Student: 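Below is one structure. I have some questions about it.
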Amino acid sequence: MKEQKITENIKVKNNDLEILKNNFSHCFDKSWDFDFDKFKKELSQNEINFSKESYSMDWLWKSYARLLATDNATTSLQEDKEWNNKNKNSQNLLLKWDNLEVLKHLSNAYREQVKMIYIDPPYNTWSDGFVYQDDRKFSVSEFRTLAWVSEEKAKSILNFVDSKSNSHSAWLTFMYPRLYIAKQLLKDDWVIFISIDDNEVAQLRLLMDEIFWEENFVASIIWKRKRWRDNSAKWFSKSHEYILVFSKNKDMLSTNFLELDNNTKKAYKNPDNDIRWIYRMLAVWARWTQSGVKYDFTNKEWKYFWERLWLFSKNNLTKMDNENKLLFKWDNIYRKLFITENKWKIPETIWDNTSNSANASDEIKVLFKNIIFDTAKPIPYILEILKISTQKNDLILDFFAGSGTTGDAVMQLNAEDWGERKYILVQIPEKIDEKKSRVAYDFVKDELWVEVPTIFDITKERLVRAGEKIRKENLEKSENLDLGFKIFETVDVIVPEFEEDEFSENIKMFDENNLSEQDLKNILVTWKTYDWIPLTKDLEEIELGWYTWYYLNNKLYLVDKWFKTKHLTKLLNEIDENKIFNPNIIIAFWYNFESKILRELSENIQKYPNKKGSEENIDFISRY
Ligand SMILES: C[S@@+](CC[C@H](N)C(=O)[O-])C[C@H]1O[C@@H](n2cnc3c(N)ncnc32)[C@H](O)[C@@H]1O
């Protein structure tokens, strides 16, 4: 019988270690500790020289960041059942609490499922209030063993964690584990877009080079975020930010072309009613000239001359003429470029008319009458990213959701092109400061009736209102549009307290109130996600002889109390008789099973000759 702890395995694999294990397993000892000297020797036999000098990014506390990336989740997942029942068919998700924990939970069920990740993390500008904090409470000795550092270093790192720092190192420590896991969620052939400004762009670029690798850098986009120059600025009016684009594997990457925007389309006209439709008149020679002086022997004088440089070869010009695409006008020659020949454009790296921050505030105002969130990105900006990077069925992730613009834009694009893109948003319930953000605070408190107003309440309400607006604007399509979303949140893991009866190991004596029905439901949601079942899929509840089991995708969960031998008989019967019931793994919740019945279950399931003739064994796991 295999044994697993409730959340011990909900963690992300250390990819580097996995590669080493797969290729150099002989450099590991029995307990899978890596023997670096052996590895070094092996490589030097293969004539690889170790140079002491290398190029890499380092910061204080990097070892802590690396540990956070692959350390266990410390929470379980809870469903908002009431809300989700009202949104039964929705495939969109809004997840509450710290994105690091959430990403760890998503790391199996959504591994390589996400086509595009967009994030807009805190920029660490002072004014955005970024300070490093986390809930991990390692002891010095625990941390030393996990991160392989000296006692002194362990102490200094753990002091930093408590110090509420906003240094570059603190910001990198925050970003590293999140990006590390994000990469594993991405499909091989796509991409991550990250908004950032001057404060951390240099750090982020190097960090991404390390996690995604330098050769997977795709673009650094400049976005003009301010429409007007600020003449009160000290040296320069700062009007731009960046979007860094990295792919998971650039060899597999292909971007979409974009449709011409409406402004460009306006330049296409059809003054002579050409049956080939609207066109632009473009010069066939460059505007600039080649000039010089020549001596005119007839008139005996120096003369200036100039000539135009043709943009096309003679052959091409003749071809255009034959196709009736040249226009001779005002002593000049133009070529007709029809819109049908030039419908698409490759995205550029300067975005100077993709809306600006003021437009984003206007969009919030349309939905809420007030600007209740002031660092939102405008919808056309996210739409541009979606159009470049997604197809109609793709899954999109934004784990710094803020006001939820990404969800809004996904729904809008689906309405525009009949798409079925789905989104996953993550937002921490960051408290809204009553003094600094009075309007937002009052709105959430008075209109949404929330006792302690948080940004999460704004995210949720924005998605609801945006969905409603899109429904009203697209009545003819709205039945086919997914305008809802499901909600899940991370909650603390309850570790049940119990004593095993000394005289009879069969009986676990629980404190009856220790594990509630809700706790059991949370364990089920957490485990199914760990076992690769998406959050939007519900487990089937099967009731047999007063005992409920939970089943989906060939996985069977037994978590309720009072499982008896008669249930085991029924279970084995069901496996035999029921053609559509084929568990290949059975997972029992150790705390709720008497040891005797657990052993019986394990032995019977593993030995049971499967009458359906399946060759495959059924795995049995007892999780605690
Ligand atoms: C700049 S805002 C994103 C704005 C968003 N792009 C929009 O258009 O509304 C960043 C958001 O990330 C959230 N955030 C910060 N740390 C987080 C964490 N650890 N987990 C989840 N969300 C977090 C903040 O509360 C904030 O709302």
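All values below come from the heavy atoms of this structure, side chains included, with hydrogens, waters and symmetry mates left out. If you're wondering where the values come from, they're calculated on a predicted model, not measured in any experiment.
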Student: Are any of the side-chain heavy atoms of D134 and T173 separated by less than 4.5 Å?
Tutor: no

Student: S361: what forms a side chain to side chain donor-acceptor pair (under 3.5 Å) with it, not counting sequence neighbours?
Tutor: none

Student: Would you say I424 and Y110 make side-chain contact, with heavy atoms under 4.5 Å?
Tutor: yes

Student: Is there a side chain to side chain contact (heavy atoms under 4.5 Å, CB included) between T375 and D128 once you walk through the steps?
Tutor: CA-CA 9 Å; T375 55; D128 70 359; over 6 Å; no

Student: Is the closest side-chain heavy-atom distance between V444 and T454 below 4.5 Å?
Tutor: no

Student: Among all residues two or more places apart in sequence or in another chain, which pass the side chain to side chain contact (heavy atoms under 4.5 Å, CB included) test with A415?
Tutor: I470, N474, L481

Student: Kindly assign one of parallel, tilted or perpendicular to the pair F485 and Y423, based on the angle between their ring planes and the thresholds 30° and 60°.
Tutor: tilted

Student: Using atom types as modelled and distance alone, determine if a side-chain donor or acceptor of N99 lies under 3.5 Å from a backbone N or O of V426.
Tutor: no

Student: What is the distance from atom CG of N356 to atom CD of E241, rounded to the nearest 0.5 Å?
Tutor: 11.0 Å

Student: Say whether, by atom type as modelled, one donor and one acceptor occur between the side chain of N72 and the main chain of T74 under 3.5 angstrom.
Tutor: no

Student: For the residue pair F193 and W190, categorise the inter-ring angle as parallel (less than 30°), tilted (30 to 60°) or perpendicular (more than 60°).
Tutor: parallel

Student: Check the pair Q427, D398 against side chain to side chain donor-acceptor pair (under 3.5 Å), reporting the backbone distance first and the verdict last.
Tutor: CA-CA 9 Å; Q427 174 59 40; D398 177 349; over 6 Å; no

Student: Would you tell me whether E210 and S56 have side-chain atoms, one donor and one acceptor, within less than 3.5 Å of each other?
Tutor: no

Student: Nearest 0.5 Å, what's the CD1-CE distance between I388 and M116?
Tutor: 9.5 Å

Student: Quick one: are the ring centres of W97 and F456 less than 6.0 Å apart?
Tutor: no

Student: Is the backbone of N166 close enough, under 3.5 Å, to the side chain of N124 for a donor and an acceptor to pair up by distance?
Tutor: yes

Student: Parallel, tilted or perpendicular: which fits the ring planes of F246 and F217, with parallel below 30° and perpendicular above 60°?
Tutor: perpendicular

Student: Counting C-beta onward and ignoring hydrogens, is there a side-chain heavy-atom pair between N256 and Q391 closer than 4.5 Å?
Tutor: yes

Student: Hey, could you give me the OG/CD distance between S163 and Q133, rounded to the nearest 0.5 Å?
Tutor: 11.0 Å

Student: State, with a plain yes or no, whether a side-chain heavy atom of K422 is found less than 4.5 Å away from one of N393.
Tutor: yes

Student: Could you tell me whether K183 sits above the aromatic face of W213, with NZ or CZ closer than 6.0 angstrom to the six-membered ring centre and within 45 degrees of the axis?
Tutor: yes

Student: Is any side-chain heavy atom of I432 closer than 4.5 Å to a side-chain heavy atom of F443?
Tutor: no

Student: Spell out, as yes or no, whether a donor-acceptor pair under 3.5 Å connects the side chain of N87 to the backbone of W83.
Tutor: yes

Student: Got P380 and E363 here, is their nearest side-chain heavy-atom distance under 4.5 Å?
Tutor: yes

Student: For the pair Y123 and D198, evaluate side chain to side chain donor-acceptor pair (under 3.5 Å) and give the outcome as yes or no after the intermediate values.
Tutor: CA-CA 9 Å; Y123 288 179; D198 283 321; over 6 Å; no

Student: For the pair Y132 and Y64, name the ring-plane relationship: parallel under 30°, tilted 30 to 60°, perpendicular over 60°.
Tutor: perpendicular

Student: Do the side chains of S76 and V491 get nearer than 4.5 Å, heavy atoms only?
Tutor: yes

